[in-house]
> 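Pasting in a structure now, in structure tokens, and then I'll have a few things to ask.
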Amino acid sequence: MSMSHPLSTLVPRILLASLLYCLPCTSALAESQLEFEEAETEAAYDENVEDIESSKPLRKNIDKARKISHPDQTGAAEAPKSSPKTTKIAPHINLKELAPPPGVQSFSPETGASETTEPKPEPEPQTATETTPEAPHDEVTPTVPNDQASNTDSTNTSAIDSTEEVAGAITLLGTEIMPGTSTRLSWSSGMQIAGLSQSTPVLVVNGSKPGPSLCLTGAVHGDELNGIEIVRRTLYDLDPEMLAGQVIGVPIVNLQGFQQGSRYLSDRRDLNRHFPGNPTGNLADRIAYSLFNEIISHCTMLVDIHTGSLKRTNLPQLRADMNIAEVRTLVKGFDRMAVVHSSGTTGMLRTAALDAGIVAVSMESGESLRIQEKQIKAGVNSLNSLMEKQNMISRLFVWGKPEPVYYDSYWIRAEHAGILFSKKKLGDRVIKGQVLGVVTDPITNASHAIHARDTGRIIGMAVDQVVMAGFAAYHIGAETEIPDEE
């Protein structure tokens, strides 16, 4: 009778146990690898080009175009629930003055409320439940005869009747901003390690008169610097006593990318592909959800400011869905700003805002990782003209020559790899067949010209650089007839 060796049965058991133990690890590694590949694919995505190439064409009869469903209409997005916490009253500050770093304002998806962990108010804000202190007992109140009192009452009544409608306070990020005041708040998505969490400044100017609410966002892509300065200059130049409505500015939305000089978030995802967000999704989903619900949902108009991507530069322009009547009306308020028809893509802040009933456009101006004074001035000028057109401000504004609306535009791609040398400049008008640039192979010395397909204007282009075949080099705005509007 033969007996098997103990190791002959022990080894298979060990292997089986090891396999069963590693199965969960294999699943986790596969999921992690999938997320990494998704992020890598997203990082390679060029939104500045895809926004145009995937745009839906303009309808022939734009009078039948869809209209925006505003929050007060059926089917519109519900307003976010108000915070159950005590609302603080924001102090009135001069935005031009130096300020200490703002405290951390974190967003809680469970309650939909903001929580301030390290507030540094300037000066100390009051709570909405505080009452006005009583006058000292030794203060004497002057008496007025009955006949004078009646005359005074009638005078006050007539004065009140003749005054304009008074604006009300607004509540944002758990803070109440009184009419006729400007303040600096802070927003954080609360998705970082608590001790290392940083907040993003939110500039708010609540006018003394009622009017629309305009939101301005910059640096949704962290390397787009022109928008930061456009938002800052626009907000700092506003006088709340002379403003009708509210202007809310978030100069640096993507603080992670801004600190790293990167277009993307720390997980290499493009934030502008994840709006309106998801409170239980990935990092980009959660940040987008926090921003959209805490800030953007309070606006009636939105201008999301960008620059060219991947070493490209853009002529100052608006990207707008001209199929929507309210958008067509809005873009008429931007002075000296070309308009490019673009329906947008799913996940963009502009697209999500339109779906939520907010009239929204994107502004493109200049190139990334640069501060360009000319492009910044163009952006600030157009926003001032928009506010003047919306009767939010009253200034002696001199309108420039109207820029065209490009209802059709296209990107021209390089057919060969090499070094790109442009022959034309941004804003130049070109005709069909004209040479726009030359791609030269530095090894073989072979040169290949890039020609314009149609007559138009260069509204976006790549800076001179090494390009691969298929690289989008020139964005041409085609001269087309404007559809009839009744």
Side-chain angles (χ1 to χ4, degrees), residues 41-55 57 221 223-226 262-264 270 272-273 306-319 338-345 348 362-370 372 374-375 378 403-404 406-480:
T41 303
E42 193 166 303
Y45 173 88
D46 189 356
E47 175 192 281
N48 203 262
V49 176
E50 296 294 333
D51 177 28
I52 297 299
E53 295 187 335
S54 64
S55 177
H221 296 126
D223 61 348
E224 298 180 350
L225 307 182
N226 286 338
S262 170
R263 176 181 179 85
Y264 307 104
D270 187 336
N272 207 30
R273 291 184 65 197
H306 292 266
T307 70
S309 61
L310 300 176
K311 297 182 180 179
R312 296 186 182 90
T313 182
N314 285 325
L315 191 74
Q317 62 190 254
L318 299 176
R319 301 280 177 89
V339 180
V340 181
H341 167 64
S342 167
S343 60
T345 56
M348 292 176 59
S362 297
M363 180 188 293
E364 297 275 350
S365 188
E367 61 182 287
S368 61
L369 293 174
R370 292 189 61 190
Q372 299 167 290
K374 182 178 180 181
Q375 284 77 3
E403 289 285 342
Y406 297 103
Y407 288 97
D408 187 21
S409 67
Y410 60 92
W411 279 92
I412 300 178
R413 296 178 179 270
E415 296 298 330
H416 301 84
I419 302 176
L420 173 65
F421 297 95
S422 290
K423 301 297 183 181
K424 293 294 181 179
K425 297 180 181 179
L426 190 66
D428 284 352
R429 299 186 181 277
V430 297
I431 59 176
K432 183 178 181 179
Q434 193 167 10
V435 175
L436 305 177
V438 175
V439 176
T440 301
D441 188 320
I443 307 301
T444 66
N445 203 34
S447 295
H448 306 275
I450 301 177
H451 299 88
R453 295 204 305 260
D454 293 294
T455 298
R457 188 182 184 191
I458 302 177
I459 57 178
M461 62 183 292
V463 300
D464 290 353
Q465 60 184 292
V466 177
V467 299
M468 296 293 108
F471 184 81
Y474 299 95
H475 186 196
I476 307 299
E479 303 283 355
T480 56

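In what follows, every heavy atom counts, from backbone to side chain, and hydrogens, waters and symmetry copies are set aside. Heads up: numbering here begins at 1 and tracks the sequence.
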> Below 3.5 Å, can you tabulate the donor-acceptor pairs from side chains in residues 459-474 to any protein atom, sequence neighbours excluded?
| residue | atom | partner | partner atom | Å |
| --- | --- | --- | --- | --- |
| Asp464 | OD1 | Ser422 | N | 3.1 |
| Asp464 | OD1 | Ser422 | OG | 3.4 |
| Gln465 | NE2 | Lys311 | O | 3.0 |
| Gln465 | NE2 | Val463 | O | 3.1 |
| Tyr474 | OH | Ser422 | OG | 2.7 |
| Tyr474 | OH | Leu436 | O | 3.2 |

> Is there side-chain contact between Arg312 and Trp411, with heavy atoms separated by less than 4.5 Å?
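Of all side-chain heavy-atom pairs linking Trp411 with Arg312, at least one is under 4.5 Å.
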> Among pairs that include at least one residue of residues 412-468, which meet ring pair (Phe, Tyr, Trp, His ring centres under 6.0 Å), considering only residues two or more places apart or in two chains?
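Matches after skipping sequence neighbours: His416-His448.
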> Within the structure provided, determine whether Asn445 and Thr440 are in side-chain contact (heavy-atom separation under 4.5 Å).
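Of all side-chain heavy-atom pairs linking Thr440 with Asn445, at least one is under 4.5 Å.
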> Provide the closest heavy-atom pair for Thr307 versus Glu224 in the form atom of the first, atom of the second, distance.
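Scanning both residues completely, I find the closest heavy atoms to be OG1-CG, 3.1 Å.
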> Output the distance between atom CG (Asp441) and atom CD1 (Ile419), rounded to the nearest 0.5 Å.
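With rounding to 0.5 Å, CG (Asp441) is 8.5 Å from CD1 (Ile419).
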> Can you confirm whether Ile458 sits close enough to Lys425 that some side-chain heavy atom of one is under 4.5 Å from a side-chain heavy atom of the other?
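No, their side chains stay 4.5 Å or more apart.
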> Would you find a donor on one side and an acceptor on the other, under 3.5 Å apart, between the side chain of Ser342 and the backbone of Arg319?
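No; judged by distance alone, with no hydrogens or angles, the pair does not exist.
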> Between Ile450 and Val439, is any pair of side-chain heavy atoms under 4.5 Å apart?
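Contact flag for Ile450/Val439 side chains = yes.
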> Does some side-chain heavy atom of Ile412 sit less than 4.5 Å from a side-chain heavy atom of Arg453?
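Yes. Closest side-chain heavy atoms under 4.5 Å.
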> Any idea which heavy atoms bring Gln317 and Asn314 closest together, and the distance?
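Taking every non-hydrogen atom into account, NE2-CB, 3.9 Å.
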> If I take atom CG from residue Leu225 and atom CG from residue Asp223, how far apart are they, to the nearest 0.5 angstrom?
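Those atoms lie 7.0 Å apart.
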> Measure from the side-chain N and O atoms of Arg429 to the backbone N and O of Arg457, and report whether any donor-acceptor pair falls under 3.5 Å.
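Checking the backbone N and O of Arg457 against the side chain of Arg429, no donor-acceptor pair under 3.5 Å is found.
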> Apply the side chain to side chain donor-acceptor pair (under 3.5 Å) test between Asn226 and each candidate in Arg370, Gln372, Gln375; give the one that qualifies.
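By the side chain to side chain donor-acceptor pair (under 3.5 Å) criterion, Asn226 pairs with just one of Arg370, Gln372, Gln375: Gln372.
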> Between OG of Ser309 and CG of Leu369, what distance do you get to the nearest 0.5 Å?
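Ser309 OG to Leu369 CG: 11.5 Å, rounded to 0.5 Å.
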> Looking at CG of Asp408 and CD1 of Ile476, how far apart are the two atoms once the value is rounded to the nearest 0.5 Å?
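Asp408 atom CG to Ile476 atom CD1 measures 11.5 Å (nearest 0.5 Å).
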> Check whether any side-chain heavy atom of Ser368 lies under 4.5 Å from a side-chain heavy atom of Arg263, and answer yes or no.
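No, side chains not in contact.
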> Sequence neighbours excluded, which residues qualify as salt bridge (charged side-chain N to carboxylate O under 4.0 Å, His left out) partners of Arg413?
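For Arg413 the salt bridge (charged side-chain N to carboxylate O under 4.0 Å, His left out) partners, ignoring immediate neighbours, are Glu53.
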> Stepwise, does the side chain to side chain contact (heavy atoms under 4.5 Å, CB included) test hold for Lys423 with Val438?
CA-CA 7 Å; Lys423 301 297 183 181; Val438 175; 3.9 Å; yes
> Identify the heavy atoms of Tyr410 and Ala452 that sit nearest to each other, and give their distance.
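Heavy-atom minimum between the residues: OH-C, 4.5 Å.
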